[in-house]
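All remarks here apply to the structure that follows.
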Amino acid sequence: MTPGLDHLLDVVDVSFAYDRRGPTIVDSVSLAVTRRAILGLLGPNGAGKTTLLRLLSGTIMPSCGRIALEGRPLSSFSRRELARHIAVVPQETHSAFDFSALEIVLMGRYPHLGVFELEGPDDLSAARDAMAATGTVAIADRDFSTLSGGEKQRVVIAGALAQASDVLLLDEPTASLDLGFQFEITRLLAELNRDRGTTMVVSTHDLNLAAALCTELVLIRAGRIIAQGSVDAVLTPTNVRELYNIDADVTMHQRAGHLTVVPVARAD
């Protein structure tokens with residue numbers, strides 16, 4: 001794969017195992033994350049989605065292969081420098097201390113501060129702009145621990161925006177949220193992509209979330225890519241069957257304006 005001018009991240013023949021004698025978790029994966037795209041990673045439990053996100057974030061390095069950010073290998077970035085380009089929204093966030101929502105968002109400014117440097121007016125402005133974009137200004141002074149699941153997720157996303165990174169990596173952003181909050185978070189991410197041009201990689205089990213939100217999909221099973229491309233091309237009954245061993249109806253929902261997936265039966 002040749003890095004393209006519109007690519008933010010290029011993954012070239014990457015493999016990874018947590019132990020040299022252990023199983024290969026990510027196996028010969030190649031993909032590109034294009035600028036302003038929302039790339040969905042779909043696959044069953046244990047497929048390697050979270051490990052691939054960790055590789056994209058530079059938290060772990062490939063056993064073999066190469067990952068580059070705008071043509072530059074991730075391994076050449078310092079942790080602080082890389083954090084200025086890539087922000088991570090984990091599946092769950094817990095705070096051991098009584099930080100306010102605003103303080104949680106301000107933590108996203110850490111990569112832009114010098115050693116022992118405190119946040120200044122510009123950092124506070126960036127945090128408040130991020131909270132405005134995520135609809136969390138009204139809860140800025142509340143303790144993070146008192147927030148609902150949906151409010152916490154919005155605050156964490158605001159912190160990632162305040163980080164002023166080029167790419168957001170999101171691991172199961174709607175997991176454990178009720179249907180209303182799932183809808184709100186999905187709408188928020190779509191708005192951030194549309195209005196701010198934020199590039200995202202989203203790991204999810206939710207095929208309908210992926211259909212509603214993503215512009216491109218990568219299907220992963222047992223650490224290997226089985227399909228990748230546009231949502232319409234990739235999200236097919238044949239691919240759903242191969243990915244999950246489920247027969248499903250995949251149809252266009254006219255009112256929602258995107259494909260929907262309805263599981264029908266376990267495949268024989």
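- D27 meets the salt bridge (charged side-chain N to carboxylate O under 4.0 Å, His left out) test with R224; sequence neighbours excluded.
- Here R241 pairs with D247 under the side chain to side chain donor-acceptor pair (under 3.5 Å) rule; sequence neighbours left out.
- Looking only at side-chain heavy atoms (C-beta outward), R142 and E151 come within less than 4.5 Å of each other.
- Remark: the backbone N or O of D206 is paired with a side-chain donor or acceptor of T204 at under 3.5 angstrom.
- Between R196 and E191 there is no salt bridge, since none of the side-chain N atoms of the basic residue sits less than 4.0 Å from a carboxylate O of the acidic one.
- L55 and P62 make their closest contact through CD2-N, 3.6 Å (heavy atoms, listed as atom of the first residue, atom of the second, distance).
- Side-chain atoms of F99 and D143, non-hydrogen and from C-beta on, never get closer than 4.5 Å to each other.
- Listed here is the closest heavy atom pair of G223 and V29: O-CG2, 3.5 Å.
- The salt bridge (charged side-chain N to carboxylate O under 4.0 Å, His left out) test applied to E81 returns R72, not counting sequence neighbours.
- From F16, atom CZ reaches atom CD1 of I67 across 10.0 Å, with rounding to the nearest 0.5 Å.
- The closest side-chain heavy-atom distance from D10 to E70 is not below 4.5 Å.
- At a threshold of 4.5 Å between non-hydrogen side-chain atoms, the residues S148 and F181 count as touching.
- H85 NE2 to L9 CG: the interatomic distance, rounded to the nearest 0.5 Å, is 11.0 Å.
- Looking at S30 and D13, their side chains come closer than 4.5 Å, going by heavy atoms from C-beta outward.
- Taking the side chain as every heavy atom from C-beta outward, T199 and L168 never approach each other to under 4.5 Å.
- Just one residue in the list V156, D129, T134 forms a side-chain contact (heavy atoms from CB on, under 4.5 Å) with L161, and that residue is T134.
- In this structure R128 satisfies the side chain to side chain donor-acceptor pair (under 3.5 Å) test with no other residue, sequence neighbours excluded.
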| request: Output, in order, the C-alpha distance, side-chain angles, deciding distance and verdict of side chain to side chain contact (heavy atoms under 4.5 Å, CB included) for D166 and T198. | output: CA-CA 7 Å; D166 302 312; T198 306; over 6 Å; no
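- Listed here is the closest heavy atom pair of G58 and R79: O-NH1, 3.2 Å.
- Between atom CG of residue L52 and atom CG of residue L169 there is a gap of 9.5 Å, rounded to the nearest 0.5 Å.
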| Evaluation steps, side chain to side chain contact (heavy atoms under 4.5 Å, CB included), between L56 and I86 | CA-CA 9 Å; L56 291 175; I86 299 175; 6.0 Å; no
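- Rounded to the nearest 0.5 Å, atoms CD (E172) and CG (L177) are 10.5 Å apart.
- Side chain of T24 to backbone of A17: no donor-acceptor contact under 3.5 angstrom is found.
- Shortest non-hydrogen contact noted between P263 and A248 is CA-CB, 4.0 Å.
- Other members of the hydrophobic cluster containing I246, listed by chain and number, are L42, L207, L217, L219, I226, V231, V234, L235, V240, L243, Y244, V250, M252, L259, V261; membership follows side-chain contacts under 4.5 Å among ILVMFWY residues, whether direct or relayed.
- No donor-acceptor contact under 3.5 angstrom links the side chains of H258 and N208, judged on distance only.
- Nearest heavy atom pair, residue M61 against residue S75, reads CE-CA, 3.9 Å.
- Open room surrounds CG on D141; 12 or fewer heavy atoms of other groups in view lie less than 6.0 Å from it.
- Put simply, the side chain of I157 reaches to within 4.5 Å of the side chain of L188, judged on heavy atoms.
- Placement of L192 and F183 in two distinct hydrophobic clusters is found when ILVMFWY residues are connected by side-chain heavy-atom separations under 4.5 Å, directly or transitively.
- With hydrogens and angles ignored, the 3.5 Å screen pairs no side-chain donor or acceptor of Q163 with any backbone N or O of R84.
- Looking at every heavy atom in both residues, A227 comes nearest to N239 through CB-ND2, 3.9 Å.
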| message | Run T186 and T174 through side chain to side chain contact (heavy atoms under 4.5 Å, CB included) and show every step you take. | response | CA-CA 8 Å; T186 302; T174 60; 4.1 Å; yes
| task | Give the intermediate values and the outcome of side chain to side chain contact (heavy atoms under 4.5 Å, CB included) for residues M200 and N193. | result | CA-CA 8 Å; M200 303 178 194; N193 174 259; 4.2 Å; yes
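- In this structure, OG on S203 lies 13.0 Å from CZ on R54, to the nearest 0.5 angstrom.
- Atom OG1 of T50 and atom CG of D171 lie 3.5 Å apart (nearest 0.5 Å).
- Here the side chains of V201 and L170 are not in contact, with every heavy-atom distance at 4.5 Å or above.
- Within the structure, side chain to side chain donor-acceptor pair (under 3.5 Å) contacts touching residues 209-222 (residues at least two apart or in different chains) are T34-E216.
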